[in-house]
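Data first, discussion second: the structure below is written as structure tokens.
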2 protein chains.
Amino acid sequence: MKKIAKLVRHHPARTSGHQRQASLISAAASLFATNGFRGTTTKQIALAAGVSEALLFKHFPTKHALYTALLSEKADYSGLQEAVEEAAAKREDKRLFMLLANYRIRKGADPILFRLLLFSALEGHEMSDMFFRQQYRVFHDLLAGYIRQRIDEGAYRPLDPLLAARAFFGVIVHHRLLHDILGFPMHLTHEATVEEYVSLFMNGLIRQ
Amino acid sequence: MKKIAKLVRHHPARTSGHQRQASLISAAASLFATNGFRGTTTKQIALAAGVSEALLFKHFPTKHALYTALLSEKADYSGLQEAVEEAAAKREDKRLFMLLANYRIRKGADPILFRLLLFSALEGHEMSDMFFRQQYRVFHDLLAGYIRQRIDEGAYRPLDPLLAARAFFGVIVHHRLLHDILGFPMHLTHEATVEEYVSLFMNGLIRQ
DNA sequence: TACTTTGGTGAGTGCTTGCTCACCATCCAT
DNA sequence: ATGGATGGTGAGCAAGCACTCACCAAAGTA
């Protein structure tokens with residue numbers, strides 16, 4: 001009798017340390033993304049992950065450490081970089097821009113990451129700098145470099161390459177800002193939107 | 001003797017209600033802008049305004065009410081709208097774009113407002129919607145309407161007007177994001193930057 | 001079987017938060 | 001002068017916060 005009661009009572013079959021850590025991080029991700037670092041309590045995270053608050057602190061010494069772990073895990077742009085570099089090598093201008101734009105605007109693009117990034121930038125988390133300077137700026141410099149090259153080759157007008165690259169990312173980032181953060185509805189399909197942005201960037205507004 | 005002592009002791013000459021309210025709002029503005037709503041305490045605000053916390057709550061029933069008062073006071077785009085409409089009526093395309101871009105990028109542009117807006121958008125404050133839908137969207141629709149008109153007149157290529165307007169604002173907003181929030185240095189002067197962005201937007205990247 | 005390690009918790013701790021309340025001080029009108 | 005309105009405060013409250021601690025339970029291991 002005693003034994004059975006014992007077995008039945010708490011019996012969710014202990015989870016491994018790594019799994020727990022992962023589930024805590026994923027629970028934290030969506031909470032931090034929606035409410036920010038300061039707007040999220042460790043109690044909420046523990047609850048969302050289905051464990052006690054005490055266990056959270058067994059895995060991460062502080063709330064801050066959990067946040068840092070989360071941010072460094074989320075940063076992953078591999079795959080895109082190679083595709084972009086290939087398109088650049090082949091001078092496939094339009095494909096290059098489409099790749100970059102599509103990566104962020106495409107249907108499955110993770111709005112959580114975008115919100116996390118913005119929050120961390122605004123709240124001034126130290127990981128934010130790392131995030132932007134390492135990951136984001138890779139594409140920044142990559143694109144600026146490519147534009148510079150194409151200007152030298154005479155294919156593009158002699159604009160400032162860095163500003164041109166920033167302008168392009170601006171269009172994309174702003175789109176996500178309106179769509180993911182402010183909740184503006186899409187008014188064309190994802191594909192058509194990307195196409196339109198790229199066309200505008202490459203050819204300008206004025207009828208030539 | 002007695003009289004003098006009385007006069008000298010607490011003597012900062014009582015401030016009027018309106019002045020106090022204004023100084024509280026201005027103190028709150030910079031604190032909310034740097035730390036967000038949740039990251040700012042009423043104690044900090046009171047301290048920055050040089051009064052007791054209790055007085056703050058005499059002027060604003062809740063922290064939230066102060067935030068709302070602040071946001072609705074900060075929203076003021078008058079002046080620009082008329083100038084833009086005038087340029088539009090005269091079909092001074094470049095001047096119109098320069099006006100819009102300059103308004104946000106110019107040297108004195110208030111970074112506090114931009115941060116406040118972003119924070120309120122991320123934190124999901126109800127004023128945020130009002131802010132964006134009323135103020136921000138005015139220019140959105142204004143510009144989109146103008147672009148549509150110019151397309152009809154055959155001056156612009158037949159692009160989607162709304163997306164084109166968004167793209168333009170995207171460039172500007174992104175510039176401020178990099179500069180005001182992430183702390184990226186300006187690499188050209190304000191004037192040259194604006195000029196470059198407008199030129200890119202109007203003429204495109206590709207040498208025609 | 002016994003023992004160490006690891007997963008897991010309830011019940012706190014001290015501190016900070018938004019907010020209140022009783023009270024004082026100064027102005028202005030009568 | 002005097003009384004009501006208005007500007008202003010110190011002390012404190014209940015709730016919530018990040019974080020801790022003593023302790024239990026289930027595995028692996030000898």
Side-chain angles (χ1 to χ4, degrees), chain A residues 1-28 31-32 34-70 119 123 125-126, chain B residues 2-28 31-32 34-70 119 123 125:
Chain A
M1 260 313 236
K2 231 199 234 165
K3 212 169 182 179
I4 287 172
K6 243 183 183 176
L7 280 170
V8 166
R9 249 196 310 166
H10 294 98
H11 204 232
R14 308 190 342 162
T15 322
S16 87
H18 279 88
Q19 270 178 286
R20 257 298 98 89
Q21 212 148 328
S23 78
L24 277 166
I25 285 187
S26 111
L31 282 168
F32 281 142
T34 45
N35 303 91
F37 181 73
R38 279 163 173 145
T40 304
T41 72
T42 49
K43 198 180 221 159
Q44 288 173 347
I45 299 171
L47 187 77
V51 294
S52 70
E53 218 180 332
L55 186 60
L56 186 155
F57 285 98
K58 284 250 163 102
H59 286 286
F60 304 95
T62 62
K63 184 187 173 188
H64 211 89
L66 167 57
Y67 192 49
T68 304
L70 155 62
F119 254 124
E123 287 180 332
H125 193 272
E126 77 261 17
Chain B
K2 231 200 235 164
K3 212 170 181 180
I4 288 171
K6 240 184 183 175
L7 280 171
V8 166
R9 248 195 312 168
H10 294 96
H11 204 231
R14 306 191 345 165
T15 322
S16 86
H18 279 89
Q19 269 179 286
R20 257 297 99 89
Q21 212 148 327
S23 78
L24 277 166
I25 286 187
S26 113
L31 283 168
F32 281 142
T34 45
N35 304 328
F37 180 74
R38 278 163 176 145
T40 303
T41 71
T42 49
K43 198 180 221 159
Q44 288 172 349
I45 299 171
L47 188 76
V51 293
S52 70
E53 218 180 331
L55 187 59
L56 187 155
F57 285 99
K58 283 251 165 100
H59 285 286
F60 305 95
T62 62
K63 183 187 173 188
H64 210 89
L66 168 58
Y67 193 48
T68 304
L70 156 63
F119 254 123
E123 287 180 333
H125 194 273

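Throughout, protein chains are lettered first and strands after them, A, B, ... in sequence-line order, and every chain is numbered starting at 1.
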Gap separating the CD1 atom of Ile45(B) from the CZ atom of Phe60(B), nearest 0.5 angstrom: 9.5 Å

Between the OG1 atom in Thr62(A) and the CG atom in Leu56(A), the distance rounded to the nearest 0.5 Å is 10.0 Å

Nearest whole Å is fine: how far is [N] [atom2] from [X] [atom1]?
X: Tyr67(B); N: dG18(C); atom1: OH; atom2: C1'; answer: 17 Å
X: Phe57(B); N: dT20(C); atom1: CZ; atom2: P; answer: 7 Å
X: Leu55(B); N: dC24(C); atom1: CG; atom2: C1'; answer: 14 Å
X: Leu24(A); N: dG8(C); atom1: CG; atom2: C1'; answer: 12 Å
X: Glu53(B); N: dC19(C); atom1: CD; atom2: P; answer: 10 Å
X: Leu66(A); N: dC19(D); atom1: CG; atom2: C1'; answer: 14 Å
X: His18(A); N: dT6(C); atom1: NE2; atom2: P; answer: 12 Å
X: Phe60(A); N: dC19(D); atom1: CZ; atom2: P; answer: 13 Å

Would Phe37(A) and His64(A) count as a close aromatic pair, with their ring centres under 6.0 Å? yes

Are Thr15(B) and dG8(D) close enough that a side-chain N or O sits under 4.0 Å from OP1 or OP2? yes

For dG8(C), take OP1 and OP2 only and decide whether either is under 4.0 Å from a side-chain N or O of Arg20(A). yes

Taking the side chain as every heavy atom from C-beta outward, state whether [X] and [Y] have any pair of such atoms under 4.5 Å apart.
X: Gln21(B); Y: Leu24(B); value: no
X: Leu55(B); Y: His59(B); value: yes
X: Thr41(B); Y: Glu53(B); value: no

With the side chain defined as heavy atoms from C-beta on, Lys63(B) is closest, among dA18(D), dG8(C), dG18(C), to dG18(C)

Taking the side chain of Ser52(A) as its heavy atoms from C-beta onward, which of dG18(C), dT9(D), dT9(C) lies nearest to it? dT9(C)

Residue pair Ala54(A)/His59(B) against DNA chain D: nearer the 5' end by closest nucleotide is His59(B)

Looking at Lys58(B) and dG7(D), is any side-chain donor or acceptor paired with a base atom of the opposite kind under 3.5 Å? no

Residues in contact with DNA chain D, drawn from residues 37-50 of chain A - heavy-atom cutoff 4.0 Å: Thr40(A), Thr41(A), Thr42(A)

Could you pull out the closest heavy-atom pair between Phe32(B) and Tyr67(B), with the gap in Å? CD1-CD1, 3.5 Å

